[in-house]
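Just the heavy atoms: all of them, side chains too, but no hydrogens, waters or symmetry mates, feed the values below. Letters go in sequence order (proteins before strands), and every chain restarts at 1. Only a predicted model underlies this, so the values are computations on that prediction, with no experimental measurement involved.
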Number of protein chains: 2
Amino acid sequence: MSTRSKSPPTTAADTPRRAADRIRDTAFDLFYREGIRAIGVEEIVNRAGVTKPSLYRAYESKDELIADYLRDYDERFCRSFEAPAAEHPGDPKGQLLAYLDRLAARASAEGYRGCGLTNAVIEYPDPAHPAHQVAVDSKHALRKRLGEMCRSMGARDADELADSLLLLIEGSYVSGQAFGEGGPARALGVAARKLIDAAL
Amino acid sequence: MSTRSKSPPTTAADTPRRAADRIRDTAFDLFYREGIRAIGVEEIVNRAGVTKPSLYRAYESKDELIADYLRDYDERFCRSFEAPAAEHPGDPKGQLLAYLDRLAARASAEGYRGCGLTNAVIEYPDPAHPAHQVAVDSKHALRKRLGEMCRSMGARDADELADSLLLLIEGSYVSGQAFGEGGPARALGVAARKLIDAAL
DNA sequence: CAGAGTACGTACCGATCGGTAACATTGTCA
DNA sequence: TGACAATGTTACCGATCGGTACGTACTCTG
């Protein structure tokens, strides 16, 4: 992460930190929870307890900050997606289901805000916008990764199974936001298992 | 512009029309294609060839216009969702699959922009915002309707099947935007058929 | 201690946002 | 003809948008 500290001899690990770090963390939180277009740079710096020039010293534009937020989101997503690998070594089906089950729980709980990358694609439909590009790249990587997992679990039409699962996953992201607690994402686990088992 | 005077209830169904109607049509198009937050009232009236006061004579605020757009969208959606009923009378499964197949085709084509209601939920995560409310109400209605259809086709756990299908549908909406042509929505039809058949 | 460099804040910019007031113009119908 | 409703015209409002010129405080080094 960003603990390249060479100078903070103090125990700065709680609140103070560098301005750029506070901006990044605050932007991450606000962009994710409230939406990117809904949040102005002014609000970010206010909540971060810094000032605008500090933001523009670290990022050359708001779009750059947005792109950085999305790259950060993608990184965290990848970690959380691959995390179950350790618990289920050599068991791609188990790994995938572990992620899916945790997703189902989060997505059918109150206050869920879906996937920041998916949301970004919708907020920025213009393919030329950096936010759109970063988010779409991430989605392509996910699709590919899903295909590999399905292939390595010996599915008949691995790509088709992967796409079906991707639809269920993306569906969970967005319907979690529309339905809140007890939303349709509760069906994610069983549906995925049915599709996987039918393809093995 | 060029059309000489003759605005009464003549055959004018092309361009002139009432200002309020042009505003509504233009807003529909722009909100859907570009996103709601991305479009200002100025751009709407410019493209509609009218002026701002005309907009504010027809709608008391931009939020009102947004809500009206979403109600309009919901109306059209319901029509397109129920349309297959005529072609498949007394066959809920056939009706549902007919809608799904058409959705799969649209959602895996270039330039698809998903569901305006789903997009609105993401653009306006605040449950107090009218846009959020209209969109969420529509989604609840869809979930209910899906449940009825699954029940009337004799599914074992109709609500669970309905939720699974809803995940696939919403997944198609959003991933259509991220992947464009040849996206995962092409798997919608087969996945839905597998889940339905497994539940009958 | 001097000076350099880093890190940050104060105050401001022009543009655009959603929204409005006041008035002129038009076409329709009686 | 004359009244009315609908629309356009122009100019404006305060707030907020993304972005910046410039001054200041700290700290590290010599």
Side-chain angles (χ1 to χ4, degrees), chain A residues 2-12 15-27 30-31 34-69 123-124 126 128-131, chain B residues 1-12 15-27 30-31 34-69 120 123-124 126 128-131:
Chain A
S2 58
T3 40
R4 70 174 79 269
S5 59
K6 52 160 193 249
S7 51
T10 66
T11 62
T15 332
R17 298 168 4 244
R18 308 269 305 273
D21 293 336
R22 308 194 45 168
I23 289 168
R24 199 161 70 132
D25 292 353
T26 307
L30 290 176
F31 281 160
E34 315 264 352
I36 302 174
R37 295 197 111 115
I39 297 296
V41 293
E42 190 105 31
E43 186 161 0
I44 294 172
V45 297
N46 284 347
R47 293 237 211 173
V50 300
T51 57
K52 254 197 274 193
S54 287
L55 193 157
Y56 285 97
R57 267 175 229 121
Y59 302 92
E60 64 171 31
S61 67
K62 188 196 177 185
D63 282 356
E64 255 298 308
L65 174 59
I66 295 170
D68 195 66
Y69 150 62
E123 283 202 89
Y124 293 90
D126 179 6
H129 195 285
Chain B
M1 318 291 182
S2 54
T3 43
R4 270 223 56 96
S5 59
K6 64 134 179 266
S7 46
T10 64
T11 63
T15 332
R17 291 156 22 233
R18 309 263 308 270
D21 294 336
R22 308 195 46 169
I23 290 167
R24 197 161 72 131
D25 293 354
T26 306
L30 290 177
F31 281 161
E34 315 264 353
I36 302 174
R37 295 196 110 116
I39 296 296
V41 293
E42 191 106 29
E43 186 162 359
I44 293 173
V45 298
N46 285 346
R47 294 238 211 173
V50 301
T51 56
K52 250 198 276 193
S54 285
L55 192 157
Y56 285 97
R57 275 175 214 124
Y59 302 92
E60 63 172 30
S61 67
K62 187 195 179 185
D63 281 356
E64 256 296 309
L65 174 59
I66 295 170
D68 195 66
Y69 151 61
E123 283 203 88
Y124 293 90
D126 178 6
H129 195 284

Contacts table for residues 44-59 of chain B: side-chain donor-acceptor under 3.5 angstrom, sequence neighbours left out:
{"from": "B/N46", "atom 1": "ND2", "to": "B/E42", "atom 2": "O", "distance (Å)": "3.4"}
{"from": "B/R47", "atom 1": "NH2", "to": "B/E43", "atom 2": "OE2", "distance (Å)": "3.3"}
{"from": "B/Y59", "atom 1": "OH", "to": "B/D68", "atom 2": "OD2", "distance (Å)": "3.4"}

Any A/I66 side-chain heavy atom under 4.5 Å of A/D63 side chain: yes

Please compare A/E60 and A/A38 by the position of their nearest nucleotide in DNA chain D and report the one closer to 5'. A/A38

Length of the line joining B/I66:CD1 and C/dC17:P, which is rounded to integer Å: 13 Å

B/K62 atom NZ is separated from C/dT20 atom C1', nearest whole Å, by 17 Å

Which whole-number value in Å describes the distance from A/L30 CG to D/dG18 P? 12 Å

Reckon A/S54 touches a base, only the sugar-phosphate, or nothing at all at heavy-atom distances under 4.0 Å? sugar-phosphate

Selection from D/dG8, D/dT20, D/dA6 that lies nearest to any side-chain heavy atom of A/P53: D/dT20

Rounded to the nearest angstrom, tell me the gap between atom CZ in A/F31 and atom C1' in D/dG18. 12 Å

Kindly indicate whether the side chain of B/K52 and the base of C/dG19 share any N or O donor-acceptor pair separated by less than 3.5 Å? yes

Is the phosphate of C/dG19, meaning OP1 or OP2, less than 4.0 Å from a side-chain N or O of B/Y56? yes

Interatomic distance, A/I44 CD1 vs D/dT16 C1' [rounded to whole Å]: 14 Å

Donor-acceptor pair, side chain of B/E123 and main chain of A/E123, under 3.5 angstrom: no

Distance check needed: D/dG18 C1' versus A/H129 NE2, whole Å only. 12 Å

Between A/E42 and B/R57, just flag the one whose closest nucleotide in DNA chain D comes earlier from the 5' side. B/R57

Integer-rounded Å distance: C/dA21 C1' and B/L55 CG: 17 Å

Whole-Å distance separating the CG atom of B/L65 from the P atom of C/dC17: 15 Å

Categorize B/I39 for me: base, sugar-phosphate, or nothing, with a 4.0 angstrom heavy-atom threshold over every strand shown. sugar-phosphate

B/Y124 ring centre to B/R37 NZ or CZ under 6.0 Å, with the angle to the axis within 45°? yes

